[in-house]
Amino acid sequence: MNEYMKETNEALLHTYNQFPVVLERGEGAYLYDTEGKKYLDFAAGYAVSSLGYANKELNDALKEQIDKIFHTSNLYYNTACGKAAEDLKRITGMDRIFFTNSGGEAVEGTLKAARKYAYKKGTGRYEFIAMKESFHGRSFGAVSVTGHDAYREPFEPLVPGVSFAQYNDLDSVKALVTDKTCAIILEPLQGEGGINAATEEFMKGIRKLCDEEGILMICDEVQCGMGRTGAMFAWQAYDIKPDIMSMAKAIGSGIPVGAFAMTEEVAKYSLEPGDHGTTYGGNPLACTAVSKTIEIFEKKHLVEHVQKVGAYLTKKLEELVEEYDTVKAVKGKGLMQGIQVTKPISEITGAALKEGLLIIGAGSDVIRFVPPLIIELEQVDEMIRILKKAL
């Protein structure tokens with residue numbers, strides 16, 4: 001066994017079934033292990049590394065910030081946090097930002113904000129409607145609204161007052177609404193649940209239902225956000241706007257950072273001093289990563305790039321459906337797509353790894369493709385060539 005693997009196995013709690021590879025460095029859309037083997041990365045650290053690896057502009061900005069200061073208490077202002085918040089406000093169209101360290105923590109913030117809004121409004125509401133097959137994180141609040149029994153059952157009893165509707169079935173959502181419902185939370189494109197995209201009818205129906213019933217709409221954009229679907233945030237393609245949203249992963253291009261955002265109306269009747277906090281949230285290093293990532297996105301027109309490359313990826317994946325009996329359907333959009341397969345996921349991902357391709361599963365029968373957003377058409381072709389050997 002590789003010495004790095006042995007050391008890790010002896011030191012860490014065993015909560016991950018890891019592939020037998022030790023990654024050492026990256027460049028562009030490629031990663032290299034300690035033996036010098038090259039891998040085309042179509043996983044991007046679970047849709048995190050939006051700008052790929054060794055982006056000089058991002059790295060230089062982070063190095064410069066490290067030499068200045070990379071942590072201060074939130075009791076004081078710093079020179080990076082306000083700019084990053086303004087940048088996120090601009091690209092989300094939301095009004096107020098709270099920085100976190102992760103996507104799960106961002107989701108926790110959305111739930112607390114929704115509960116506090118109902119409390120200050122004096123509505124007596126506290127219940128949430130979430131979606132089956134959803135995934136919102138591993139902390140208690142986030143897993144409480146995650147629609148997978150396997151993630152929930154070992155940790156029950158969880159946060160009370162959560163019910164689960166069928167994704168893309170508006171009637172099933174309406175059937176769960178009561179005078180105690182404070183918010184409906186959903187991913188515009190489910191990731192872990194199997195790359196399931198919300199229909200326009202469903203998203204607009206949820207928005208209309210929330211408006212009519214005095215319920216808050218929460219969009220979880222932790223995985224599907226930041227350009228990945230061909231819109232800066234997935235909900236923006238539906239001509240609706242949530243009251244609260246969560247984001248993380250790609251907004252920092254690999255630096256641990258998340259955030260939740262809300263409208264001015266929610267902020268006015270929501271979290272205030274003493275209600276919420278986080279020691280590392282909004283630190284100068286993470287906020288520098290956010291601002292520089294957004295700057296590069298806009299300068300390189302990455303959203304438009306994703307639309308072009310994503311359409312090509314769809315075409316190539318649809319060809320696999322025609323060519324292979326084991327490939328049943330193409331799912332998703334942009335550079336968050338998947339293929340539904342009849343062959344075991346582990347068999348396909350393991351075979352691809354040996355050929356120099358990093359891919360991951362989603363749900364029980366979907367291979368997920370969430371590469372760095374900088375990939376080019378020829379790298380899609382390279383991925384397809386390797387994938388065919390694994391199918």
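Under a 4.0 Å N-O distance rule, the pair E298/R90 qualifies as a salt bridge. Here R207 pairs with D211 in a salt bridge; the nearest charged N to carboxylate O distance falls below 4.0 Å. We find that K6 and E10 are joined by a salt bridge, their nearest charged nitrogen and carboxylate oxygen being less than 4.0 Å apart.
Side-chain contact between W235 and E221: present, with at least one pair of heavy atoms (C-beta onward) separated by less than 4.5 Å. With a 4.5 Å cut-off on side-chain heavy atoms, I215 and C182 do not count as touching. Residues L31 and R25 are not in side-chain contact: their nearest non-hydrogen atoms beyond the backbone lie 4.5 Å or more apart. Counting heavy atoms from C-beta outward, M131 and F164 have side chains that stay 4.5 Å or more apart.
In this structure, K121 places its NZ atom where more than 12 heavy-atom neighbours from other residues, nucleotides or ligands lie under 6.0 Å away. Counting heavy atoms of neighbouring residues, nucleotides and ligands inside a 6.0 Å radius, atom CG of D239 does not exceed 12 of them. For Y312, the OH atom sits in a packed shell: over 12 heavy atoms of surrounding residues, nucleotides or ligands are nearer than 6.0 Å. The environment of OH in Y119 is sparse: at most 12 heavy-atom neighbours from other residues, nucleotides or ligands sit within 6.0 Å. Within 6.0 Å of NZ in K208 there are 12 or fewer heavy atoms belonging to other residues, nucleotides or ligands.
In summary, the side chains of T263 and D95 do not present any donor paired with an acceptor at a separation below 3.5 Å, with no hydrogens or angles considered. No hydrogens or angles considered: a donor-acceptor pair under 3.5 Å links the side chains of E127 and T178. Checked by atom type, the side-chain pair T314/Q337 shows a donor-acceptor distance below 3.5 Å.
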*Between L335 and V370, is a side-chain contact (heavy atoms from CB on, under 4.5 Å) present by the stated rule, with each step listed?*
CA-CA 6 Å; L335 291 180; V370 283; over 6 Å; no
*Would you sort out whether E64 and K68 count as a salt bridge (Lys or Arg N to Asp or Glu O under 4.0 Å), showing the intermediate values?*
CA-CA 7 Å; E64 181 180 348; K68 292 178 180 177; 3.6 Å; yes
*Apply the test side chain to side chain donor-acceptor pair (under 3.5 Å) to residues D243 and Y117: give CA-CA distance (whole Å), side-chain angles for both, the deciding distance (0.1 Å), then the verdict.*
CA-CA 11 Å; D243 301 292; Y117 180 84; over 6 Å; no
*List the steps, then state whether side chain to side chain donor-acceptor pair (under 3.5 Å) holds for T293 with S253.*
CA-CA 7 Å; T293 295; S253 301; 2.8 Å; yes
*Give the C-alpha distance, both sets of side-chain angles, the deciding distance and a yes or no for side chain to side chain donor-acceptor pair (under 3.5 Å) between S246 and D220.*
CA-CA 5 Å; S246 58; D220 181 354; 2.9 Å; yes
*Starting from the C-alpha separation in whole Å, work towards a yes-or-no answer on side chain to side chain donor-acceptor pair (under 3.5 Å) for S139 and E105.*
CA-CA 8 Å; S139 54; E105 189 185 336; over 6 Å; no
*Check against salt bridge (Lys or Arg N to Asp or Glu O under 4.0 Å), E319 and K316*: CA-CA 5 Å; E319 290 174 2; K316 302 305 289 187; 3.3 Å; yes
*Go through the steps to decide whether D33 and K37 satisfy the test salt bridge (Lys or Arg N to Asp or Glu O under 4.0 Å), and finish with yes or no.*
CA-CA 5 Å; D33 66 18; K37 184 175 178 178; over 6 Å; no
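Within the model, atoms CD1 of I375 and CG of D41 stand 10.0 Å from one another, a figure rounded to the nearest 0.5 Å. Here N78 contributes atom CG and K83 contributes atom NZ; the two are 13.0 Å apart, rounded to the nearest 0.5 Å. Rounding to the nearest 0.5 Å gives a distance of 7.0 Å between CZ of F98 and CG of N74. If you take CD1 on I374 and OG on S50, they are separated by 9.0 Å, rounding to the nearest 0.5 Å. The distance from atom OG of S270 to atom CE of M262, rounded to the nearest 0.5 Å, is 4.5 Å. Taking OG1 from T15 and CD from Q18, the interatomic distance works out to 8.0 Å, rounded to the nearest 0.5 Å.
Shortest non-hydrogen contact noted between M94 and P242 is CE-O, 3.6 Å. Residues Q236 and I91 come closest through the heavy atom pair NE2-O, 2.8 Å.
Between H148 and F135, the ring center distance fails the sub-6.0 Å criterion. With ring centers used as reference points, F99 lies 6.0 Å or more from Y280.
Figure legend: R115 and Y126 shown without cation-pi pairing, the cationic atom not lying both under 6.0 angstrom from the six-membered ring centre and within 45 degrees of its axis. Geometrically, R138 engages Y151 in a cation-pi contact defined by less than 6.0 Å to the ring centre and at most 45° from the axis. Both tests hold for K38 against Y30: distance to the six-membered ring centre under 6.0 Å, angle to the ring axis within 45°.
I218 and I206 sit in two unconnected hydrophobic clusters of ILVMFWY residues. Membership requires side-chain heavy atoms under 4.5 Å apart, directly or through other members. Under the 4.5 Å side-chain contact rule for hydrophobic residues, I345 and I386 share a cluster. Hydrophobic clustering, with ILVMFWY side chains joined whenever heavy atoms are under 4.5 angstrom apart, groups M226 together with L373.
Just one of E272, E265, E86, E264 meets the salt bridge (charged side-chain N to carboxylate O under 4.0 Å, His left out) condition when paired with R96; it is E264. Put simply, the residue from K116, K112, E108 that forms a side-chain hydrogen bond (donor to acceptor under 3.5 Å, both in side chains) with H276 is K112. Among N168, I195, N196, the one residue that satisfies the side chain to side chain contact (heavy atoms under 4.5 Å, CB included) test with Q190 is N196.
Screening residues 351-377 for side-chain hydrogen bond (donor to acceptor under 3.5 Å, both in side chains) gives E192-R368, Q223-R368, Q340-D365 as the qualifying pairs, with residues at least two apart or on separate chains.
Relative ring orientation between F42 and F369 is described as perpendicular, the plane-to-plane angle rising above 60° on a 0-90° scale split at 30° and 60°.
The side chain to side chain contact (heavy atoms under 4.5 Å, CB included) test applied to K299 returns E57, E295, not counting sequence neighbours.
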